Amino acid sequence: MSALAQRRFLKMHGAGNAIVVMDLRGSSIRVSPAEARAIAGDPRSAFDQLMAVHDPVTEGTDAYLRIYNTDGSESGACGNGTRCVAFAMLDDPAMARPAESGRLTLETSAGLVSVKRVADRSFTVDMGRPGLRWDEIPLRDPFQDTRRIELQIGPIDDPVLHSPGVVSMGNPHAVFFVDRDPDTYDLGRIGPMLEGHPIFPERANISLAQVTGREAIKLRVWERGAGLTLACGSAACAAVVAASRLRMIGRQAHVNLPGGTLFIEWRADDHVLMTGPVALEWEDSLRPELFTGLN
Ligand SMILES: N[C@@H](CCC[C@H](N)C(=O)O)C(=O)O
C-alpha cells in the first residue's frame with residue numbers, strides 16, 4: 001500500500017488556485033507522478049497544485065517544497081501555493097511551528113523564496129529575480145530580445161495571438177498582450193497548443209494579459225500541467241515583468257484573475273514580490289483506494 005494512504009492533507013486555495021498542502025516532514029516519502037495524478041483525481045483532494053512539504057535541505061531554510069501539477073509533472077514555482085504553505089506552517093496546529101516571526105524561507109528546485117505574513121490570511125512572497133535570458137526560460141532558439149518573441153497562432157496575416165513576452169519565475173511563462181477582454185478568447189483550446197509548442201522545451205504556462213490601467217492587468221492563465229485555473233501567482237508576476245519591460249505599466253500592478261486579485265511589485269533590486277490571500281477549505285486524509293493498482 002502507498003505510504004501516502006491516510007496521510008492528512010489541507011485543501012486550500014490562493015485567489016481561487018486550488019491547492020493541497022501535505023506535510024511530509026519527518027518521513028522519506030516522495031510523491032510519485034502517478035500518486036499525484038491519483039490524488040488530483042479525487043474530488044476531496046482535487047488540486048491545481050499539490051504542495052508537498054519536506055524537511056529542509058539547505059541550512060537556514062524552514063522546509064523544502066516539491067510542487068506537483070495535476071498531470072503529475074513538477075514545477076519550480078507556485079506563488080499561490082507558497083502562500084498556502086506559509087499559512088499552514090504558521091497556523092495549522094498539526095504542523096510544527098518553525099518560527100514565531102511570521103516569516104519563512106522555503107526552498108524549491110528553482111531556489112529560495114521567502115514569505116512574510118501581512119495580515120491574518122494574506123502573505124507576501126518574495127519570488128526572487130525573474131529570468132529573462134532565452135536559455136533561462138528556457139526557449140529552444142536563441143532569442144536575444146525576450147520582450148516579444150516570434151511566435152503566433154492563427155492565420156499568418158491575421159494571427160489570433162502573437163509576439164508574447166517570455167519570463168521565468170522559476171517556471172516558464174509566455175504572456176500574450178491582448179487589446180480585447182481575455183474572456184473573449186477560447187483559452188481552453190488555444191492553451192494546450194501553445195503550452196506544448198516546440199519553442200518551449202519544458203512546455204510553458206500561457207497567459208492572456210490585458211493592461212486595463214497604469215497599475216492594473218486583467219489576466220487569464222492556461223497552466224502547464226494543470227490547464228485553466230482561476231489564478232496563477234507566478235503568471236501574475238511574469239505578466240507584470242513582461243508589461244513593465246514593454247513600458248505598458250510601471251513596476252507594480254494589481255493583477256485581476258478570475259478567482260481574485262494579486263498585487264505584484266517588481267522592486268528596484270530586481271526581486272518580484274507577490275501579495276495575496278489564502279483560504280482554508282477543509283482537512284481530510286487520503287483514501288487508501290486511490291492508490292490501488294499504482295506502481
Ligand atoms: N499556480 C502556480 C503555478 C503552478 C506551476 C505551473 N503550472 C508550472 O508547471 O509551472 C502559481 O501560483 O504560481
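Just so it is clear, the model here is predicted, and its values are computed rather than measured. Quick note: numbers below take in every heavy atom, side chains included, and nothing from hydrogens, waters or symmetry partners. Read the numbers this way: they start at 1 and go in the same order the structure lists the ligands and their atoms.
Taking distance alone, with nitrogen or oxygen atoms compared against 3.5 Å, Ala226 stays at or beyond that limit from ligand 1. Checking only distances, Gly79 does come within under 3.5 Å of ligand 1, N or O to N or O. The shortest N/O to N/O separation between Glu223 and ligand 1 falls below 3.5 Å.
For atom 6 (C) of ligand 1, the closest heavy atom belonging to the protein is Asn205 OD1, 3.2 Å. For atom 2 (C) of ligand 1, the nearest protein heavy atom (residue, atom name, distance) is Cys78 SG, 3.2 Å. Closest to atom 12 (O) of ligand 1, if we only count protein heavy atoms, is Gly233 N, 2.7 Å.
At least one side-chain heavy atom of Leu161 sits under 4.5 Å from a side-chain heavy atom of Leu208.
Residue Thr229 does not touch ligand 1, judged by heavy-atom distances below 4.0 Å. In Asn69, the part holding a heavy atom less than 4.0 Å from any atom of ligand 1 is the side chain. Of all the heavy atoms of Ser73, none lies under 4.0 Å from any atom of ligand 1, so neither backbone nor side chain is involved. Neither the backbone nor the side chain of Arg203 comes within contact range of ligand 1; no heavy atom lies under 4.0 Å.
Trp266 does not carry Arg245 over the face of its six-membered ring by the limits of under 6.0 Å from the centre and within 45° of the normal.
A salt bridge links Glu195 to Arg203: at least one charged side-chain nitrogen sits closer than 4.0 Å to a carboxylate oxygen. With salt bridges taken as basic N to acidic carboxylate O contacts below 4.0 Å, one links Arg30 and Glu74.
Residue contact annotation: Asn17 has a non-hydrogen atom under 4.0 Å from ligand 1. Ligand 1 lies nowhere less than 4.0 angstrom from a heavy atom belonging to Gly225.
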